[in-house]
There are 2 protein chains.
Amino acid sequence: MKQTAPLQHNYHHGDLYQSLLLTATEMIAEGGTESLSMRKLADRVGVSRTAPYHHFKDKNTLLCAIAEQGFERVETLLQEVRTSASPEPLATTFTQYVHTYIALAYQHREQYDLMFGREIWRNGTPTNSLLERSRQHFKSWLSWIEQLCQQNVIQTGDSVLRTAQVYWATLHGLCRLLNDGIYTEQSQLEEMANTAVNMMLKHQTTA
Amino acid sequence: MKQTAPLQHNYHHGDLYQSLLLTATEMIAEGGTESLSMRKLADRVGVSRTAPYHHFKDKNTLLCAIAEQGFERVETLLQEVRTSASPEPLATTFTQYVHTYIALAYQHREQYDLMFGREIWRNGTPTNSLLERSRQHFKSWLSWIEQLCQQNVIQTGDSVLRTAQVYWATLHGLCRLLNDGIYTEQSQLEEMANTAVNMMLKHQTTA
DNA sequence: CAATCAATCTTGACAGTGTCAAAATATCGC
DNA sequence: GCGATATTTTGACACTGTCAAGATTGATTG
């Protein structure tokens, strides 16, 4: 509420909340979720072990906040792609999105793992805020697939919902396969993305 | 080497190796990888904390052994399906395999997560034995996809390798989506599997 | 300005983890 | 039975998340 408060050190540390979020994201990017301990984080930020607990109830809550930012990023990407009045045909736009999505997941692999990993969704408890944002993102995706179906870019005999689920699963599966380094490497990324797009767009085509 | 040794307690404990493997698998099935600690495992088997370390160098090694058994299971499934001289058309066989695979992944969800999760593939170090077996399984999958391509059950303009990778990614993505409880529930499993199969089999069909 | 109150941060503590080193024990080949 | 070897145990260490109690700081009110 106070906007005129002097920046920096308006309290003990300043904006510790943001500082924690930022540093934690860095640490995760460097060495994954496991390399992030609340104690090391506090150390790196320069506060005592338990200081973070006044800004994040849990380690889980902190992780949820980071995951949430990841969802914001992909949501932004999706919206940008959808609203960009590109002269390209919609199929091309879709293809580009797939490539960008996979590239993004690879670029922020650790955060991506966090977004969909068991750390939050199985062990931990997703924050309401995170739940909402992730659901909203899937709705955006669903809505786009619906549009693509209506405009005959995607032709499927199955329901839009199922199609959206399976298509996203394909995308997600590719990302995991890549991120986990199983059966493949990043160099094959482009080709695999193209193959995936072919599979999706030519799904039940009659010509 | 000794086959005639009296069963049970031929040493301190008996066949501790197998006992550990079995109990650990149980514990994982019950509460996931995180609920398995070396100490609790030792407790449950009835030995001291560090006894397991004479049979498994690491917790990592133990986990790899469990994951390996998972790969053995799916490999067995794949071989059975392929060699069963079914009167059904190959497309039907493929569809059945997809359903069974997903069902299996769901039934042994924690073990499945272990097989492909970051616990082993990122944090830990996959055992040579595990590496080999997982690679061999992908080869089997690749070989099947190749066969299906040759017999025109799958029609794709892309390379067999890329097709196999993307198809497996789709399958895997579905399993994760399901296992992690993101965007979907098990009740939608059948339909989603069908949608996925449709997408794969009608990939670039001309009729 | 002084006093109160709440927000923030620190120190101490606890139970839990993986795993190494050294000591104890049991089994087997001779 | 003896010595070697495989197996198990006890003790210890550094690390984790997080709770409770106390100390410090900032904002608020009189």
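Residue numbers begin at 1 in each chain, while the letters A, B, ... track the order of the sequences.
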| side-chain hydrogen bond (donor to acceptor under 3.5 Å, both in side chains) with B:Ser143: which residues, sequence neighbours excluded? | B:Arg82
| query | In residues 51-66 of chain B, what residues come within less than 4.0 Å of DNA chain C, judged by heavy atoms? | reply | B:Tyr53, B:Asp58, B:Lys59
Check: residues 33-47 of chain B side-chain donor-acceptor pairs under 3.5 Å, at least two apart:
from: B:Glu34; atom 1: OE1; to: A:Arg118; atom 2: NH2; distance (Å): 3.2
from: B:Glu34; atom 1: OE2; to: A:Arg118; atom 2: NE; distance (Å): 2.9
from: B:Glu34; atom 1: OE2; to: A:Asn123; atom 2: ND2; distance (Å): 3.2
from: B:Ser35; atom 1: OG; to: B:Met27; atom 2: O; distance (Å): 3.4
from: B:Ser35; atom 1: OG; to: B:Gly31; atom 2: O; distance (Å): 3.3
from: B:Ser35; atom 1: OG; to: B:Gly32; atom 2: O; distance (Å): 3.1
from: B:Ser37; atom 1: OG; to: B:Arg39; atom 2: N; distance (Å): 3.4
from: B:Ser37; atom 1: OG; to: B:Lys40; atom 2: N; distance (Å): 3.0
from: B:Arg44; atom 1: NH1; to: B:Glu30; atom 2: OE1; distance (Å): 3.4
from: B:Arg44; atom 1: NH2; to: B:Glu26; atom 2: OE1; distance (Å): 3.4
from: B:Arg44; atom 1: NH2; to: B:Glu30; atom 2: OE2; distance (Å): 3.0

| request: Grab the CG-C1' distance between A:Asp43 and D:dT16 for me, whole Å please. | output: 14 Å
| Looking at residues at least two apart in the chain, or sitting in another chain, which of them share a side-chain hydrogen bond (donor to acceptor under 3.5 Å, both in side chains) with A:Ser134? | none
| task | Could you tell me the separation between the CZ atom of A:Arg49 and the C1' atom of D:dG22, rounded to a whole number of Å? | result | 14 Å
| Non-hydrogen side-chain atoms of A:His54 and A:Leu16 separated by less than 4.5 Å | no
| field | Polar pair under 3.5 Å, donor/acceptor by atom type, side chain B:Thr50, base D:dT10 | value | yes
| To the nearest Å, how far apart are A:Asp15 CG and C:dA7 P? | 17 Å
| field | Pairs involving residues 134-145 of chain A, ordered by first then second residue, that meet salt bridge (Lys or Arg N to Asp or Glu O under 4.0 Å) (sequence neighbours left out) | value | none
| said: Tell me which pairs pass ring pair (Phe, Tyr, Trp, His ring centres under 6.0 Å) where either residue lies in residues 56-79 of chain A, with sequence neighbours left out. | reply: A:Tyr17-A:Phe56, A:Phe71-A:Phe116
| message | I need the CG-P distance between A:Leu20 and D:dG17, as an integer number of Å. | response | 13 Å
| task | For B:Gln96, check side chain to side chain contact (heavy atoms under 4.5 Å, CB included) against everything at least two apart and list the hits. | result | B:Thr92
| query | ring pair (Phe, Tyr, Trp, His ring centres under 6.0 Å) with A:Trp144: which residues, sequence neighbours excluded? | reply | A:Phe94, A:Tyr97
| In residues 28-40 of chain B, which ones come under 4.0 Å of DNA chain D, going by heavy atoms? | B:Arg39
